Structures are given as structure tokens and as C-alpha cells.
Q: 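This is the structure I have questions about; it appears just below.
All values derive from a computational prediction rather than experimental measurement.
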Amino acid sequence: MATISDVAARAGVSTATVSRTLNGKTTVDPALAARVLAAAAELGYRPNGPARNLRKQETAVIALIISDVENPFFTAIARGAEDVAHSAGYSVVLCNSDDNPDKEREYIDVALQERMAGVLLSPSGRSANVEPLLRSGTPVVAVDRPLPGSAGDAVLVDSRLGAKQATAHLAEQGYQRIGCITGPSGVLTADERLAGYREGLRAAKRSTSNALVRRSEFKAAGAKRAAYSLLTQANAPDALLVANNAMAVGVLETMAELELRPGRDVGVVVFDDAPWTTLLDPPLTVVAQPAYDMGTVAAQLLLSRISGERTEATTTTLSAHLVVRQSSSRN
């Protein structure tokens with residue numbers, strides 16, 4: 001009796017391609033699919049019915065697609081999600097999209113092909129393509145950033161209020177030219193933190209000039225360039241709100257190169273209370289986000305969706321809080 005390996009050898013493709021073709025996956029190139037079907041017919045190959053039916057069942061696996069696995073914020077989300085999922089008998093597969101829509105689509109395709117029970121997703125931006133998940137009926141919960149069009153479930157943090165409070169704090173400390181380094185336009189967390197920053201400036205009667213704002217990717221390298229551009233210009237800022245802890249690394253590198261001390265020379269507040277923020281001299285003032293709780297809540301929502309206990313879409317917004325340390329004080 002012919003096997004799937006025999007079909008693959010006759011068609012000149014991988015066994016995975018044979019499997020996807022015979023299971024009706026639309027992701028297989030039509031020319032390859034035709035070769036597979038012809039080879040199967042020639043060899044008289046017949047799939048094992050019970051085994052195929054078993055494979056068509058949902059697996060007790062959840063995909064967690066995050067935008068930066070190196071960022072402690074996202075690893076804390078992953079830990080919270082995994083703790084909840086594991087206690088319910090599910091495994092979690094961690095996928096790192098690097099905020100790259102192409103990688104994100106690849107991982108979504110994998111989740112669909114492997115018939116994973118559900119997906120936790122930190123969308124790469126407003127262009128994130130989650131339609132395949134929604135069309136297939138695969139439960140999906142967005143975490144940190146909502147799905148495009150606000151479709152489906154989401155667990156978010158009130159970034160706008162956190163940024164406003166951080167900016168107000170810098171103004172209260174006597175800083176006059178408060179700048180902001182945030183993420184790419186179109187990414188909700190970046191836009192909301194910029195909006196909150198501007199609200200804080202207006203409330204404190206500080207300048208809202210665009211000359212004090214820079215955008216970059218949510219990475220150290222981009223933030224380093226942005227900080228250099230800001231801190232070497234005429235009328236440079238005397239304080240900075242930085243949109244996440246990965247960016248803070250780049251900002252601090254630039255400040256060290258320019259021999260600027262946090263607090264004394266340039267006040268600094270960053271989003272996310274990464275473990276290393278208290279180890280610096282001076283320790284960093286942060287907007288702490290409940291990352292672990294975001295992961296647990298998101299996983300609970302997803303499991304209730306998978307089980308059919310809940311059908312209505314839900315958005316849960318958690319609060320951030322300011323943790324004041326010496327980087328935001330001139331003393």
C-alpha cells in the first residue's frame with residue numbers, strides 16, 4: 001500500500017506539502033497541488049480515514065504571537081498566559097513577530113494549519129491581517145494592542161493616562177522642555193502614549209512643539225538615533241518620556257555618550273518596569289504596566305471563548321501606575 005512518503009517522492013515535494021494538499025489547505029501552490037493529486041492517483045494512495053479525522057480536531061495548543069520576545073514586558077505577558085493555559089491543560093507556543101507583518105502572517109498560517117485551539121496576538125499594527133483567523137472561527141484575543149477595526153476580544157492598558165501622568169510628573173519636578181520618544185505611527189500604543197504626553201503638556205502649560213517629539217521602531221537602535229537628534233538640537237529637551245524599556249536602552253546609551261546624567265541633566269521616565277531599571281544609577285522612574293496580569297486575563301478570555309462559555313466580544317482595559325525614582329528628579 002502506498003504511503004504519504006511514496007506520494008511525496010513521486011511528486012517531488014515534501015510530505016508536509018502532500019499532507020496540506022490532501023487536507024484541502026489553500027496555502028499550497030496550485031501547480032504543486034496538481035502534482036501531488038496526480039501522484040496520489042497514480043499510486044492509488046488513500047489517506048487513513050481515522051488518522052485524518054484525528055488530525056482535523058483542534059489541538060490543545062494555543063499560539064501566542066508577540067512583537068518582541070527580548071522585551072521583558074512581552075515575556076511577562078507570556079508567563080501569565082502560560083500559567084493559565086497550563087493549568088487548564090493547554091500548551092502555549094511562543095511566536096516572535098518582530099513587529100513584522102509578514103512574520104505575523106506566517107505564524108497565523110501555522111496556527112491555522114496546525115488547527116490550534118486559539119491565538120493570543122499582539123498585532124503588529126493597524127494593517128495586521130487577522131481575517132483568516134476570523135473566517136476560520138479560530139478564537140483570537142488581542143493583547144496590548146487591539147485587533148484592526150476593534151474586532152474581537154482585547155486586553156489593553158490605559159497607555160494614554162499613564163503617559164499623561166508621567167508628563168505631569170516631569171513638569172511638577174520643574175522640567176520645562178519635555179520631549180517624547182515614541183513608536184511608529186499607526187501603532188496604537190505609540191499613538192496613545194504620544195497623545196497622553198501632549199495632554200500632560202497642555203495641562204502643565206508646557207510647549208507641545210513637534211520639535212520635541214521623535215518616532216522610531218520600538219527598539220534600542222532607533223531610539224538611540226532619535227535621542228541623539230533631540231539632545232543635540234538647539235533648545236534640546238531637559239526631560240524625556242520614552243515609550244518602552246527597549247527604547248530606553250538606546251536613549252541611555254546616547255545620554256552616556258553625551259555625558260548627560262538622568263535626572264540632573266535630563267529627566268527620564270520610561271514605560272515598563274523592567275528588572276534592570278532599579279539597578280541603574282540613578283534608578284529609572286517608570287510607568288509600570290501589569291504585564292503578567294494582561295497575560296492571565298487574555299488567556300482566561302481565550303479559554304472561555306474556546307469552551308463556548310462566552311460569545312460576545314470583550315475589551316478589558318487595565319491600569320498602569322507611575323513609580324517615581326531618581327531619574328526624574330534634579331536632586
Side-chain angles (χ1 to χ4, degrees), residues 3-5 7-8 11 13-30 32-33 35-37 40 45-69 74-75 77-124 128-143 147-148 151-154 295 298-309:
T3 67
I4 192 171
S5 297
V7 175
V13 299
S14 68
T15 56
T17 298
V18 174
S19 177
R20 291 199 299 272
T21 300
L22 298 180
N23 281 293
K25 303 299 184 182
T26 60
T27 55
V28 181
D29 181 89
L32 294 181
R35 281 161 47 189
V36 168
L37 294 174
Y45 174 77
R46 295 291 182 271
N48 182 301
R52 184 172 61 178
N53 289 337
L54 179 61
R55 287 195 298 272
K56 284 183 174 292
Q57 301 303 310
E58 290 178 352
T59 58
V61 178
I62 293 169
L64 171 58
I65 307 173
I66 59 175
S67 58
D68 186 1
V69 73
F74 287 109
T75 52
I77 287 177
R79 180 57 189 264
E82 198 274 339
D83 283 351
V84 169
H86 185 264
S87 67
Y90 285 80
S91 299
V92 176
V93 174
L94 181 62
C95 310
N96 178 44
S97 75
D98 272 330
D99 258 335
N100 182 322
D102 292 334
K103 286 186 69 176
E104 181 178 83
R105 281 192 293 271
E106 289 175 7
Y107 285 127
I108 288 173
D109 285 346
V110 169
L112 290 170
Q113 291 167 11
E114 298 300 324
R115 302 191 66 81
M116 293 187 184
V119 175
L120 296 170
L121 171 67
S122 175
S124 59
N129 183 16
V130 297
E131 281 303 315
L133 291 172
L134 301 179
R135 285 197 304 268
S136 72
T138 301
V140 56
V141 174
V143 61
L147 297 174
D153 300 302
Q300 289 163 354
L301 286 173
L302 186 64
L303 292 174
S304 66
R305 177 75 73 176
I306 291 169
S307 68
E309 295 176 9

Q: Can you give me the closest heavy-atom contact between Tyr90 and Val61, atom names plus distance?
A: CD2-N, 4.0 Å
Q: Measuring from atom CD of Glu82 to atom OG1 of Thr75, what distance do you get when rounded to the nearest 0.5 angstrom?
A: 13.0 Å
Q: Check whether any side-chain N or O of Arg35 sits under 3.5 Å from a backbone N or O of Ala11 as a donor-acceptor pair, and report yes or no.
A: yes
Q: Answer yes or no: is there an ion pair linking Asp83 with Arg79, defined by an N-O contact shorter than 4.0 Å?
A: yes
Q: Nearest heavy-atom pair of Thr138 and Ser136: which atoms, and what distance?
A: OG1-OG, 2.7 Å
Q: Passes side chain to side chain contact (heavy atoms under 4.5 Å, CB included), Leu94 versus Ile66? Steps please.
A: CA-CA 8 Å; Leu94 181 62; Ile66 59 175; 3.6 Å; yes
Q: Which atom pair, heavy atoms only, marks the closest approach of Leu147 to Pro123?
A: CD2-CG, 4.1 Å
Q: Which heavy atom of Leu303 sits nearest to which heavy atom of Ala85, and what is that distance?
A: CD1-CA, 4.4 Å
Q: What heavy-atom pair brings Val92 and Ala81 nearest, and what distance separates the two atoms?
A: CG2-O, 4.4 Å
Q: Would you compute the distance between atom CD of Glu114 and atom CG of Asp109 and round it to the nearest 0.5 angstrom?
A: 11.5 Å
Q: Has Ser67 got a side-chain atom pairing as donor or acceptor with Ser124's backbone, closer than 3.5 angstrom?
A: no
Q: Can you tell me how far the OH atom of Tyr107 sits from the CG atom of Leu64, to the nearest 0.5 Å?
A: 11.5 Å
Q: So which heavy atom on Asn96 is nearest to which on Val69, and how close?
A: OD1-N, 3.0 Å
Q: Measure the spacing between CD of Glu104 and CG of Asp98 and express it to the nearest 0.5 Å.
A: 11.5 Å
Q: Measuring from Asp153:CG to Leu121:CG, what's the distance to the nearest 0.5 Å?
A: 12.5 Å
Q: OG/Ser122 to CD1/Ile77 distance, rounded to the nearest 0.5 angstrom?
A: 6.5 Å
Q: Check step by step if side chain to side chain contact (heavy atoms under 4.5 Å, CB included) holds for Val7 and Val36.
A: CA-CA 7 Å; Val7 175; Val36 168; 4.2 Å; yes
Q: Taking it one step at a time, do Val93 and Cys95 satisfy side chain to side chain contact (heavy atoms under 4.5 Å, CB included)?
A: CA-CA 6 Å; Val93 174; Cys95 310; 4.1 Å; yes
Q: Using side-chain heavy atoms (C-beta onward) and a distance below 4.5 Å, is Val119 in contact with Ile62?
A: no
